[in-house]
Amino acid sequence: MKYLTVDDVFNVVGQFGWSQKIYYFGLSLLQIFTAFHMLLNVYTGLDPTFKCYKDGDTKADPLVNQCFNNRVQDCRLSYTSKFRSFPTEWNFICDQKYKVAFAQSIWMGGVMTGALVLGGTADKFGRLKTLMVSLLGTIAFEGFSSYAPTFAIMIGLRFVGGICCALVILASFVLSQELVGTNYRSSCGIMLAVFFAIGIAIFSGMAAIIPDWRTLSFICAVSGILFLPLSCIVPESPRWLAIKGQQAEAKKVLELMAKKNGKLDELPSHWEVTTSSNGEESKVKKSQGIRELVYHPYVLMLTLIQVYSWFVNSAVYYGLTMAASNLGGNVYLSTTLSGLIEIPSCLIAVAIIDRLGRRLTLCGFMLVGGVACLVIQFIPPSFVVYTTTLALCGKLSIASSFAICYVHSAEIFPTEIRNSGMGIVSVAARFGGIVSPFILMLGDVVPNLQFTALGAMTFIAGLLNLKLPETMGQPMPESVADILALRTTSKGGVDDDYKYKKLQMDEEEVDVSVFPRSRSPGGAHKSKSEDQVLLIED
């Protein structure tokens, strides 16, 4: 009997064959749908233009886009906007304008809650099942919000919709990474960001021609129905099935992929799926869930660095977007360009990530972005062109590093808790998006101080990322013990990497007995292969 890991099978039947291309394209299109919802409040909450007439005084000239005493109650309003937003419907202007920002905060709170509380759902019940249930939830709750009779009901439905949308984002990304081979993980992960950017541009065009927020919200929600057939097209992750002990189901998925790729005959006549080269997964200790990330000091350090890195990427990304959001005064054009400008940054990342590696590429982009923001502090306010150019350089760099963060983190977190780990860093990212407006307020204290703060945060995060392991060309870790083995292969660069791969080849060629994994003093599981690697290095 021949035992093959998922990566072994991909090496035989194709790492990105015809079947994987179909699966990936479907999951990529789903990113356009998530972009719609992440952008929805930008348009449904648009500030209306209006005239405020003082009650009882018909001869006085009206105030334009402002209220007497800044109180809506002191105005007889006449709206002049063509688009009817929910601030228009419920008079959220002047002293009531804060409710528009509150609506966005509630939505982001839902996304944070979904990532934090339910991020491990896909690790427990499966990537595909979680994806489809959360997609249905997003369609339903966001659709119902378009009929909400009151503001309170609308934000309540949007909060639950945000929870569901967070699971769609996490599950779709993890599934797309686990259905392709090692050589295509980076490019596939980053290209998802390109589809998200395209979604921003498409939705901006839709918002420009749709007359009111209720119609826009409804179309945004029901467009998700187009993606429900994915449940019949995209399979469950064979990596998740294997790590959960469902080897028969994993084998069926892999054989189906091999058949569609025209490589079914190249598989051995008698083979089984395993999570290791010697079939020892049956004796691996049951995962303790997300607690695995804090048992071992090294794994805890990796988690904390990624949490900070995701927080910084999000805070700087949204901070620079808001700081340079006025491109000609047209909100539709500004938002479209802000999405399209991310496409070249992602393509640059794709071009170099498999040449320089994840760690060096991520660190390089963050250091460049950090330096660009820090230099702004020393430029006189009159040199607007230079300030804008440096801010744009920072935005392009941070957009690239943000996309790489998704790939690198997915390759560091083990399969048994990958969705949970991605949920934790996603929470950090959402928190970064929430605090970014407050960081921008530093510019009111000292001109350009906000760029100094953003630059310093980014520069520090870039240096910390050097402590993360290099994952280029390595199999995706299945357990925490594999992360510790990855640490060993990252210490000495090419030579140690060669020794690790040579060790794997030796184990496959020799008929060895199965060694159960034991718990190390640090709290992680230590495998036989890890012990051998440590002996080789010593």
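Owing to the predicted nature of the structure, the values given are computational and were not obtained by experimental measurement. Any value given below was found using the heavy atoms of this structure, including those in side chains, with hydrogens, waters and symmetry copies removed.
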Inset, instruction - Could you tell me which residues satisfy side-chain hydrogen bond (donor to acceptor under 3.5 Å, both in side chains) with D123, sequence neighbours excluded, listed by chain and number? - result: R127, S420
Inset, instruction - Report the distance from atom CG of L449 to atom CG of L454, rounding to the nearest 0.5 Å. - result: 9.5 Å
Inset, instruction - Looking only at non-hydrogen atoms, find the nearest pair between L170 and M422 and report the distance. - result: CD2-O, 3.6 Å
Legend entry - Shortest non-hydrogen contact between S28 and L192, atoms and distance: OG-CD2, 3.4 Å
Legend entry - Euclidean distance, Y23 OH relative to L128 CG, rounded to 0.5 Å: 11.0 Å
Legend entry - Under 3.5 Å donor-acceptor, S400 side chain and S345 backbone: yes
Inset, instruction - Rounded to the nearest 0.5 Å, what's the gap from CD on E478 to OG1 on T5? Could you check? - result: 8.0 Å
Inset, instruction - Answer yes or no: is there a donor N or O on one side and an acceptor on the other, between the side chain of S426 and the main chain of G423, under 3.5 Å? - result: no
Inset, instruction - Looking only at non-hydrogen atoms, find the nearest pair between F33 and L135 and report the distance. - result: CE2-CD1, 3.5 Å
Inset, instruction - Could you tell me which non-hydrogen atom of L175 sits nearest to which non-hydrogen atom of P235, and how far apart they are? - result: CD1-O, 3.9 Å
Legend entry - Main-chain N/O of I305 paired with S309 side-chain donor or acceptor, under 3.5 Å: no
Inset, instruction - Using atom types as modelled and distance alone, determine if a side-chain donor or acceptor of S237 lies under 3.5 Å from a backbone N or O of W240. - result: yes
Legend entry - Check: E342 side chain, A197 main-chain N or O, donor-acceptor pair, under 3.5 Å: no
Inset, instruction - Spell out, as yes or no, whether a donor-acceptor pair under 3.5 Å connects the side chain of Q31 to the backbone of L27. - result: yes
Legend entry - Check: Q20 side chain, G14 main-chain N or O, donor-acceptor pair, under 3.5 Å: yes
Inset, instruction - Could you tell me whether the side chain of L179 reaches within less than 4.5 Å of the side chain of V234, counting heavy atoms only? - result: yes
Legend entry - Qualifying salt bridge (charged side-chain N to carboxylate O under 4.0 Å, His left out) pairs with a residue from residues 418-433, counting only residues at least two apart or across chains: E178-R418
Legend entry - Point-to-point distance, once rounded to the nearest 0.5 Å, from CD of E272 to NZ of K251: 4.5 Å
Legend entry - Aromatic ring pairing Y24/F195, orientation class (parallel under 30°, perpendicular over 60°, tilted between): perpendicular
Inset, instruction - Kindly say whether W310 contributes a backbone atom to a donor-acceptor pair with the side chain of S314 at under 3.5 angstrom? - result: no
Legend entry - Whether over 12 other heavy atoms sit under 6.0 Å from F16 CZ: yes
Inset, instruction - Heavy atoms only: give me the nearest I379-N448 pair and the separation to one decimal. - result: O-ND2, 4.0 Å
Inset, instruction - Output yes when a side-chain donor or acceptor of Y184 lies under 3.5 Å from a complementary backbone atom of Q15, and no otherwise. - result: no
Inset, instruction - Give the minimum heavy-atom separation between S172 and L30, together with the two atoms involved. - result: CB-CD2, 3.9 Å
Inset, instruction - Could you tell me whether the side chain of S409 and the main chain of Y406 form a donor-acceptor pair under 3.5 Å? - result: no
Inset, instruction - State whether the number of non-hydrogen atoms from other residues, nucleotides or ligands found under 6.0 Å of K129 atom NZ is greater than 12. - result: no
